[in-house]
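First the structure, in the form of structure tokens, and then the observations on it.
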Amino acid sequence: MSNNVIILAGGQGKRMKTNMPKVLCNVLGEPMLEWVLTACERAELDDICVVKGFEGEQVDKYLKSRNSDSSIITVMQEERLGTGHAVMMAEQFLREHEDGNTLVLCGDAPFIDEDTINGALELHKEKGCSVTVVTSRVENPTGYGRVIRGEDGLAGIVEHKDCTPAQLAITEINSGCYWFRTSDLLEVLFEIKPDNAQGEYYLTDCVELLINKGKTADAFVSENPNVALGANDRRGLLTLNDIARFEIIGKWLDEGIEFTCTDGVIIGNNVTIGRGTRIDSGVNLRGNTVIGEDCIIGNNCIIENTKVGSGVNLNNVQAYESVIEDNVKIGPYVQLRPNSHILKGAKIGDFVEIKNSTIGEGTAVAHLTYIGDSDVGANVNFGCGVVTVNYDGDKKFRTVIEDNAFIGCNTNLIAPVKIGKGAYTAAGSTITKDVPADALAIERGKAAIKENYAKKKLEKRTKKFEDSHKK
Ligand code: UD1
Ligand code: CA
């Protein structure tokens with residue numbers, strides 16, 4: 001028996017004033033849909049069906065771009081006729097997964113969590129329910145469907161616009177998340193009618209239809225106070241960002257992470273941080289970034305989809321799609337562009353850019369250097385101002401620098417080129433030929449000293465100046 005999920009993602013979100021589907025609006029840099037998918041993946045659900053609508057191809061494009069091995073299909077809802085109608089669009093998915101349970105989630109309620117999903121499923125199975133509604137007790141229930149409790153379990157859900165004054169006072173609300181026994185959902189789904197205040201097919205009507213058929217329905221009260229939260233406009237979206245930001249920082253505080261000041265600190269939903277690590281102000285950790293133990297992530301670092309080892313010290317570093325091994329020290333003002341791999345104990349100093357390169361163990365790149373498309377060995381020393389000249393305007397070439405080499409200040413390495421083990425390059429050289437191991441390469445103009453040349457020039461200039469003033 002499988003546990004599958006349908007995510008409703010058809011909304012436009014007109015008041016967001018964007019041409020994107022609402023579910024692609026970001027919270028902490030990830031689309032709301034991504035938050036929902038993450039919760040499904042953490043809950044280890046089986047197959048996923050996303051119901052798209054407005055600008056549906058953007059949803060497909062997003063799903064294609066994500067890095068995951070989840071089984072996800074999409075179906076199209078051409079006309080927005082209500083949540084029940086949206087689920088009808090997934091009929092084939094439901095029939096293919098008839099033997100099992102189906103979770104229905106709103107793609108624009110990003111804070112659904114795996115404990116709620118699994119807690120509700122447990123209750124659903126334990127009680128043999130046809131439907132288990134996830135509910136939340138809130139101070140202001142305006143706009144939400146109200147949960148009507150019966151003697152045993154659930155009696156129904158009434159939409160805000162259809163409520164009697166007494167029902168309006170109910171503060172237990174429908175989060176928009178439900179577990180259905182799939183075969184039972186199929187039995188009633190096509191019986192719902194749009195005979196209500198909004199003229200829509202309400203998915204919530206399935207609950208009453210099931211109860212009328214003598215099936216069991218229950219409500220699971222989520223401990224997550226934000227479970228039903230969504231946003232209708234940019235102000236609401238900013239509020240979701242603020243909530244998410246402090247929830248995540250709070251979670252990491254509980255895990256022993258030290259924060260000196262949370263101003264500007266944004267930690268993405270899929271980031272992990274090891275114990276003993278300190279995060280300073282302005283730090284932005286994005287995507288699937290992993291930070292090891294006992295690191296110092298200093299001010300203003302932006303780290304995206306990067307794996308950072310333990311004991312690493314970063315200061316004003318931007319790193320994208322890269323790997324930084326244990327005990328590396330980087331910064332200030334360094335950019336690691338995609339596919340950079342900094343091995344153990346390396347030191348990268350100020351104003352250095354590294355791209356698509358490996359920097360070997362213990363190697364030092366102290367200042368003002370560009371290393372692109374290069375394979376650098378261990379214990380190499382870069383003088384100030386080295387440039388790997390990797391691009392001739394047409395093609396890119398690699399530079400190879402072997403262990404213990406010493407690259408003099410202001411060396412240009414014209415790729416493709418190889419510097420052998422322990423070799424030296426003289427400062428200011430533009431190296432165009434491979435340098436064998438242990439050799440010194442000098443490739444620069446010969447020194448020429450012209451005695452008294454400058455003195456004569458100065459005398460001439462001074463005389464000219466004096467003559468012009470005599471006139
Ligand atoms: C729904 C519930 C309500 C609950 C609330 C929680 C119904 C009838 N009501 O109300 O009880 O308290 O969610 O937020 O279900 N969608 C589509 N196609 C449609 C309509 C909706 O894909 O035709 C999607 C939306 O994009 C959204 C989700 O379904 O992701 C919920 O729709 P929304 O219009 O927000 O439902 P509510 O009226 O708020
Ligand atoms: Ca809603």
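Since the structure is predicted, the reported quantities are computational estimates derived from the model, not experimental observations. Indexing begins at 1, ligand by ligand and atom by atom, following the structure's order.
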- request: With heavy atoms of Gly11 as the reference, note each atom of ligand 1 found under 4.0 Å away.
  value: 26 (O)

field: Region of Gln77 that comes within reach of ligand 1 [heavy atoms, distance under 4.0 Å]
entry: side chain

task: Inspect the surroundings of CD in Gln198 and state if more than 12 heavy atoms from other residues, nucleotides or ligands are less than 6.0 Å away.
output: yes

field: Contact partition for Leu81 relative to ligand 1, non-hydrogen atoms under 4.0 Å
entry: backbone

- prompt: Counting N and O atoms only, with roles assigned by atom type, does the side chain of Thr83 sit under 3.5 Å from a partner on the main chain of Leu203, one being a donor and the other an acceptor?
  reply: yes

- request: Please confirm whether Gly82 comes under 4.0 Å of ligand 1, counting heavy atoms of the residue only.
  value: yes

task: Return a yes/no value for Gly143: is any of its N or O atoms, backbone included, closer than 3.5 angstrom to an N or O of ligand 1?
output: no

- prompt: Under 3.5 Å, is there a donor-acceptor pair between the side chain of Glu258 and the main chain of Arg278?
  reply: no

message: What I want to find out is whether Asp373 reaches Lys396 closely enough, with some N-O distance under 4.0 Å, to be called a salt bridge.
response: no

field: Basic-acidic side-chain contact under 4.0 Å: Lys251, Glu255
entry: no

message: Need the ligand 1 atom indices (1-based, order shown) with element for anything under 4.0 Å from a heavy-atom of Ser175.
response: 6 (C)

task: Pick, from Asn174, Val147, Leu8, the option with the minimum heavy-atom distance to atom 5 (C) of ligand 1.
output: Asn174

- prompt: Is the closest N or O pair between Glu79 and ligand 1 shorter than 3.5 Å?
  reply: no

- prompt: Do Asp108 and ligand 1 have an N or O pair less than 3.5 Å apart?
  reply: yes

query: Is it true that Lys161 and Glu200 make a salt bridge, defined as a side-chain N closer than 4.0 Å to a carboxylate O?
result: no

- prompt: Given that the side chain starts at C-beta and the backbone is N, CA, C, O, which of these parts of Glu159 lies under 4.0 Å from ligand 1, counting heavy atoms, or is it both or neither?
  reply: side chain

query: Looking only at N/O atoms, are Gly10 and ligand 1 under 3.5 Å apart anywhere?
result: yes

- prompt: Does any N or O atom in Thr83 lie less than 3.5 angstrom from one in ligand 1, N or O only?
  reply: yes

query: So, Thr18 side chain and Met20 main chain: donor-acceptor pair closer than 3.5 Å or not?
result: yes

message: Which option wins on minimum heavy-atom distance to atom 31 (C) of ligand 1: Gly53, Gly13, Cys106?
response: Cys106

message: Less than 4.0 Å is my threshold; does some heavy atom of Thr204 fall inside it relative to ligand 1?
response: yes

query: When you measure from the side chain of Arg181 to the backbone N and O of Asn101, does any donor-acceptor pair fall under 3.5 Å?
result: no

- prompt: Going by the atom numbers of ligand 1, which of them fall below 4.0 Å from some non-hydrogen atom of Gly107?
  reply: 30 (O)

Heavy-atom donor-acceptor pair, Arg275 side chain to Glu293 backbone, under 3.5 Å: no

- prompt: Polar-atom distance check: Gly145 versus ligand 1, any N or O pair below 3.5 Å?
  reply: yes

field: Gly230 heavy atom under 4.0 Å from ligand 1
entry: no

- prompt: Is it true that Lys344 and Asp326 have a side-chain N and a carboxylate O under 4.0 angstrom from each other?
  reply: no

query: Hey, is Ala109 touching ligand 1 through its side chain, its backbone, both or neither, going by heavy atoms under 4.0 Å?
result: neither

